[in-house]
Amino acid sequence: MTAEAKSRTIHAIFLDVDGTYADFGVVPEAHSLAVQAARANGHKVFLCTGRPVSMLPEHILEAGFDGLIASAGAYVRVADEVLVDTRFPADLAAKTLEVLDAHDSVYVLEAQESLHVRPEAEQRLRTMVESHFEKSGNGSAKGSSAILGSLSPWSEGSPLFAKVTVFDSQVPMTSIVAEVGERLDVVANSIADEGHNAGELFQRGISKADGVAAAIARLGITQADSIAFGDGQNDMEMIAYAGIGFAIEGSNPELLRLADGTALPPNRHGIAVAFAELGLI
């Protein structure tokens with residue numbers, strides 16, 4: 001290793017998946033190559049996603065990463081060490097399902113091991129997911145398979161979940177949260193934005209920023225040397241927390257205001273361009 005390499009600042013880089021690292025579930029080759037090059041230069045690169053581990057197929061992970069923050073901060077892994085694995089407590093899980101079912105909701109229960117759907121809602125879910133990914137015109141089957149290929153029927157014996165992604169409901173998500181109570185919160189659906197009657201339900205007080213903090217503490221990397229990229233509502237805390245936060249062009253105005261800079265969308269290889277401009281590769 002050269003003297004220059006030894007003195008180089010090592011950054012911890014955190015990449016949202018949908019709309020940031022991947023485009024409709026498909027990773028541009030330029031992004032994969034950029035991650036490999038950054039890691040070869042000694043930097044630590046993480047996916048930091050609202051998806052659970054069970055919704056991350058090999059084609060998203062194949063570049064190789066130093067760890068993973070999943071379920072929007074409820075799960076944190078550095079190398080092979082799991083630092084955080086937070087699930088809905090049984091009582092909160094039961095109340096959440098009771099309210100969702102009362103409003104004929106279509107949802108996916110997201111555990112790190114598996115994804116679950118009510119058997120009676122599976123066909124409606126498949127139709128919605130396939131319709132969303134067909135809009136990409138770019139490997140729609142590959143994008144939708146991460147969800148549809150991992151589904152199994154929910155039963156009382158299924159694992160406790162970390163998050164719930166709702167694709168449709170008879171009432172807005174704010175009403176669901178109000179009925180369940182103050183321990184629940186919601187952000188817009190980061191996989192398929194279906195409006196106010198859809199969203200991602202999670203335990204209040206958990207965010208991607210918590211995952212970033214846990215990962216960099218384990219690695220001994222300072223907050224100032226962390227870099228985050230995101231485009232969704234569940235990226236706001238992460239973008240605000242990171243030493244440098246980038247919002248993807250076209251993100252909502254609030255996220256853009258929080259960010260230190262912007263990056264191009266994945267269909268224009270924004271991660272690769274930003275890595276080069278930052279001197280990471």
Side-chain angles (χ1 to χ4, degrees), residues 17-18 25 46-61 65 67-126 128-129 143-169 173 176-177 179-181 183-187 189-192 198-208 210-211 214-215 234:
V17 171
D18 295 287
F46 291 74
L47 290 180
C48 191
T49 177
R51 295 185 184 217
V53 176
S54 54
M55 204 186 285
L56 289 168
E58 184 56 37
H59 67 263
I60 288 179
L61 298 170
F65 293 89
L68 172 67
I69 296 166
S71 298
Y75 178 90
V76 181
R77 187 177 73 217
V78 175
D80 294 325
E81 181 184 2
V82 177
L83 305 181
V84 178
D85 187 358
T86 304
R87 313 292 178 107
F88 272 51
D91 63 330
L92 180 60
K95 181 63 175 178
T96 301
L97 298 187
E98 176 188 330
V99 173
L100 286 169
D101 291 341
H103 295 293
D104 194 28
S105 306
V106 178
Y107 55 85
V108 175
L109 303 174
E110 300 176 4
Q112 306 310 326
E113 307 88 343
S114 50
L115 305 176
H116 297 275
V117 61
R118 290 283 196 192
E120 60 272 21
E122 182 172 351
Q123 189 52 54
R124 288 168 62 197
L125 174 68
R126 288 184 176 277
M128 291 174 186
V129 171
S144 62
S145 66
I147 302 172
L148 301 181
S150 303
L151 284 175
S152 58
W154 182 87
S155 70
E156 294 291 343
S158 298
L160 284 172
F161 46 88
K163 193 163 66 69
V164 186
T165 294
V166 183
F167 288 85
D168 186 40
S169 180
M173 289 298 96
I176 298 291
V177 170
E179 288 186 47
V180 173
R183 288 191 292 168
L184 197 66
D185 210 342
V186 64
V187 294
N189 190 332
S190 61
I191 295 176
E200 298 179 9
L201 301 173
F202 61 98
Q203 291 187 74
R204 187 181 299 275
I206 296 175
S207 77
K208 289 184 178 183
D210 300 309
N234 68 359

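From a predicted model like this one, the values you see are computed outputs, not experimental measurements. Throughout, residue positions are numbered sequentially from 1 according to the sequence presented.
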- Task: Check whether any side-chain N or O of Ser54 sits under 3.5 Å from a backbone N or O of Ala111 as a donor-acceptor pair, and report yes or no.
- Result: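 Looks like yes, one N/O pair under 3.5 Å.
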- Query: Is it true that a side-chain atom of Lys208 and a backbone atom of Cys48 form a donor plus acceptor pair closer than 3.5 Å?
  - Reply: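 Such a contact is found between Lys208 side chain and Cys48 backbone.
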Looking at [atom1] of [X] and [atom2] of [Y], how far apart are the two atoms once the value is rounded to the nearest 0.5 Å?
| X | Y | atom1 | atom2 | value |
| --- | --- | --- | --- | --- |
| Ile69 | Leu83 | CD1 | CG | 9.0 Å |
| Leu125 | Asp168 | CG | CG | 10.5 Å |
| Arg51 | Leu68 | CZ | CG | 11.5 Å |
| Met173 | Ile176 | CE | CD1 | 4.5 Å |

- Query: Can you list the residues that meet the side chain to side chain contact (heavy atoms under 4.5 Å, CB included) rule with Ser152, with sequence neighbours excluded?
  - Reply: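 Ser152 satisfies side chain to side chain contact (heavy atoms under 4.5 Å, CB included) with His116 once adjacent residues are dropped.
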- Apply side chain to side chain contact (heavy atoms under 4.5 Å, CB included) to Ile206 and list each qualifying residue two or more places apart in sequence or on a separate chain.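 Scan of Ile206 (side chain to side chain contact (heavy atoms under 4.5 Å, CB included), adjacent residues dropped) gives Ala74, Thr86, Gln203.
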If I compare all heavy atoms of [X] with all of [Y], which pair ends up nearest, and what's the gap?
| X | Y | result |
| --- | --- | --- |
| Arg77 | Asp80 | CG-C, 4.2 Å |
| Phe46 | Phe65 | C-CD2, 4.1 Å |
| Pro159 | Arg87 | CB-NH1, 4.2 Å |
| Ser105 | Val166 | CB-CG1, 4.4 Å |
| Val187 | Phe202 | CG1-CE2, 3.7 Å |
| Arg204 | Leu184 | NH2-O, 3.0 Å |

Tell me, please, which residues at least two apart from [X] pass side chain to side chain donor-acceptor pair (under 3.5 Å).
| X | result |
| --- | --- |
| Ser71 | Gln112 |
| Asp91 | Arg183 |
| Thr96 | none |

[X]: partners by salt bridge (charged side-chain N to carboxylate O under 4.0 Å, His left out), with sequence neighbours left out:
| X | answer |
| --- | --- |
| Asp210 | none |
| Glu120 | none |
| Glu58 | none |

- ring pair (Phe, Tyr, Trp, His ring centres under 6.0 Å) involving Tyr75 - partner list, sequence neighbours excluded: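 Not a single residue meets the ring pair (Phe, Tyr, Trp, His ring centres under 6.0 Å) criterion with Tyr75.
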- ring pair (Phe, Tyr, Trp, His ring centres under 6.0 Å) partners for Phe161, two or more places apart: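 By the ring pair (Phe, Tyr, Trp, His ring centres under 6.0 Å) rule, Phe161 matches Phe88.
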Atom pairs and distances, side-chain donor-acceptor, residues 97-104, under 3.5 Å, sequence neighbours left out:
from, atom 1, to, atom 2, distance (Å)
Asp101, OD1, Tyr107, OH, 2.7
Asp101, OD2, Arg118, NE, 3.1
Asp101, OD2, Arg118, NH2, 2.5
His103, NE2, Glu179, OE1, 3.4
His103, NE2, Glu179, OE2, 2.7
Asp104, OD1, Arg124, NH1, 3.2

